Structures are given as C-alpha cells and as structure tokens.
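All values reported here derive from a predicted model rather than from experimental measurement. In what follows, every chain begins at residue 1, and chains take the letters A, B, ... in the order their sequences are listed.
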Amino acid sequence: ETGVTQSPTHLIKTRGQQVTLRCSSQSGHNTVSWYQQALGQGPQFIFQYYREEENGRGNFPPRFSGLQFPNYSSELNVNALELDDSALYLCASSLAGYGYTFGSGTRLTVV
Amino acid sequence: AQRVTQPEKLLSVFKGAPVELKCNYSYSGSPELFWYVQYSRQRLQLLLRHISRESIKGFTADLNKGETSFHLKKPFAQEEDSAMYYCALRPPFGNEKLTFGTGTRLTIIP
C-alpha cells in the first residue's frame with residue numbers, strides 16, 4: 001500500500017508567477033485536502049476534493065485553485081504568486097473521513 | 001468560528017517525568033478532536049482521536065467539554081517523544097476540514 005506522494009519537494013518561484021503542485025493519494029482514498037503551513041504555524045485548510053468535486057474551501061482567495069482526477073490524484077494551482085505564499089503545502093488523503101494520511105509536503109519559496 | 005489554541009510553543013521535560021500538552025478549542029457543538037505528531041524529518045501523522053479513547057505510545061487525551069479542552073498526557077516521558085505536536089478539530093459530520101492549533105514543540109531532556 002503506497003502512501004501520499006507530493007511533488008516537487010522544493011520549489012522557488014518569482015512573485016507574479018504561477019505554480020502547480022501535485023499529489024498522489026493513498027491507494028483506496030477518494031478524498032484529498034490541501035493545507036498551507038507557514039513557518040511557525042499549524043496547517044491551514046485551503047480546500048478539499050471528493051470524487052473530483054470541490055466540497056469545502058478555507059479562507060483563501062480564488063487564485064488558489066485545484067483539481068482532482070479520476071484516479072483521485074490532485075493538483076493545487078496558485079496564480080499571481082505573492083511573497084506571503086511562501087510556505088509548506090501539505091496534501092492529505094482519506095477515505096470519506098476515516099483518518100487522514102499526509103504527504104511530506106512541497107516547500108514553496110516565492111522571491 | 002472554530003479555533004484551536006495550544007498555549008505553549010515550546011515545552012521541555014526530563015526523561016521519566018510526566019508530560020502534558022495543552023489544547024483548548026472553540027466550537028459551537030460537539031467536534032471531533034485529534035492529536036497529530038510530526039517527528040524530525042517525518043510527515044505529519046495521526047497520534048490519537050478522542051472517539052477512539054485509546055492510548056497510543058503511552059499517550060492519552062481526555063475530552064473535557066466543560067472546559068473545552070483536549071490535553072495530551074503521558075505519565076513517563078521518553079526521549080523518542082521529542083517532536084512537534086498539533087491539536088486539531090473537525091466538525092462532526094460532512095465537511096472534513098481540520099482546524100489545527102499552532103503546535104507545541106516537545107523536547108525530552110535525557
């Protein structure tokens with residue numbers, strides 16, 4: 001059984017650029033959530049996908065968007081990057097709420 | 001609005017001493033509560049959830065609805081307990097959003 005895999009592990013982007021982060025869910029999981037973890041903070045919920053549809057969103061602007069694919073893998077897209085977007089982005093998958101499995105995260109640095 | 005507060009950013013405890021990591025929450029209703037742990041260079045992982053009422057790695061957590069607290073306890077600290085601990089809350093049904101506290105870094109002194 002594979003766990004949650006995120007790519008890339010590290011990324012440096014320039015302010016104003018766009019970025020796509022990827023997540024492969026744990027086998028058998030149909031729900032994926034994305035979290036942003038700034039330095040010294042706990043993870044903050046961005047949004048969640050269940051069976052390819054967004055079914056929950058946190059307090060993040062529309063330039064944060066996502067997709068979930070038929071194989072339940074997922075992407076997080078961020079447009080018009082700002083310096084404050086620098087953070088660790090975590091993906092977590094679950095089977096309808098029975099425990100989350102987290103990935104190791106993507107460390108995004110915006111310069 | 002739901003909120004989780006972990007008042008201690010850092011906590012140092014001697015090996016063999018009792019450990020208590022504090023967590024208070026704000027939620028109008030009966031949420032699900034969790035403790036997550038992140039060991040050095042490892043991913044975030046579930047330690048325990050209140051509905052399971054189990055002890056994991058010697059840790060227990062009791063939900064106190066009157067005080068809206070979910071403190072994590074262990075009677076005798078071990079060096080391998082050194083890690084970052086996050087308390088988290090989730091509404092009881094439907095939306096699976098987790099609300100995390102800011103975390104407590106626990107260091108066990110040999």
Side-chain angles (χ1 to χ4, degrees), chain A residues 1-7 9-10 23-26 29-51 53-60 64 66 68 72 74 87-107, chain B residues 1-11 21-27 30-54 56 70 72 83-106:
Chain A
E1 180 178 275
T2 58
V4 176
T5 306
Q6 291 188 243
S7 62
T9 54
H10 297 84
C23 171
S24 293
S25 302
Q26 180 166 315
H29 284 185
N30 56 15
T31 303
V32 65
S33 307
W34 285 91
Y35 290 81
Q36 180 195 67
Q37 187 173 17
L39 203 59
Q41 301 296 316
Q44 298 288 315
F45 176 74
I46 302 174
F47 46 55
Q48 175 177 277
Y49 281 82
Y50 171 68
R51 293 185 176 180
E53 301 237 345
E54 185 182 295
N55 75 337
R57 189 177 182 92
N59 190 24
F60 280 81
F64 285 78
Q68 187 182 28
Y72 302 130
S74 177
L88 180 68
Y89 288 84
L90 297 170
C91 170
S93 71
S94 69
L95 178 60
Y98 277 95
Y100 288 90
T101 301
F102 280 85
S104 299
T106 294
R107 171 81 53 194
Chain B
Q2 55 202 51
R3 179 181 294 177
V4 176
T5 303
Q6 293 179 253
E8 303 139 328
K9 272 197 170 304
L10 303 170
L11 182 64
L21 300 172
K22 291 185 168 52
C23 172
N24 289 89
Y25 67 90
S26 173
Y27 182 77
S30 297
E32 289 191 64
L33 285 147
F34 306 84
W35 277 99
Y36 280 81
V37 61
Q38 188 168 29
Y39 300 103
S40 179
R41 299 173 196 259
Q42 294 187 28
R43 60 188 66 192
L44 197 61
Q45 57 186 284
L46 179 66
L47 180 61
L48 52 80
R49 53 198 300 179
H50 89 273
I51 59 174
S52 301
R53 295 178 179 257
E54 56 192 344
I56 304 291
F70 188 56
L72 183 68
M84 193 74 185
Y85 291 80
Y86 293 96
C87 182
L89 170 160
R90 188 179 79 178
F93 352 84
N95 188 335
E96 298 179 13
K97 164 189 171 181
L98 281 169
T99 298
F100 286 87
T102 51
T104 297
R105 181 167 297 284
L106 176 64

In this structure, CG of B:L46 is separated from OG of A:S94 (nearest 0.5 Å) by 11.5 Å
Contacts of A:Q37 meeting side chain to side chain contact (heavy atoms under 4.5 Å, CB included) (sequence neighbours excluded), chain-then-number -> A:P43, A:L88, A:L90, B:Y86
For B:R43 and A:S104 the tightest heavy-atom approach is NH2-OG, 3.0 Å
B:E8 meets the salt bridge (charged side-chain N to carboxylate O under 4.0 Å, His left out) criterion, sequence neighbours left out, with none
**Request:** Please check if atom CG in A:L39 has more than 12 non-hydrogen atoms from other residues, nucleotides or ligands closer than 6.0 Å.
**Result:** no
Test your reading of the model: is there a side-chain donor-acceptor pair from B:K9 to the backbone of A:G40, 3.5 Å cut-off? yes
Closest heavy-atom pair, A:Y100 versus B:R90, reported as atoms and distance to 0.1 Å, is CE1-NH1, 3.9 Å
B:Y36 ring center near A:F102 ring center (under 6.0 Å): yes
Measure from the ring center of A:Y35 to the ring center of B:F100 and say whether it is less than 6.0 Å.
yes
Note: A:Q48 and B:K97 closest approach over all heavy atoms is OE1-N, 4.3 Å
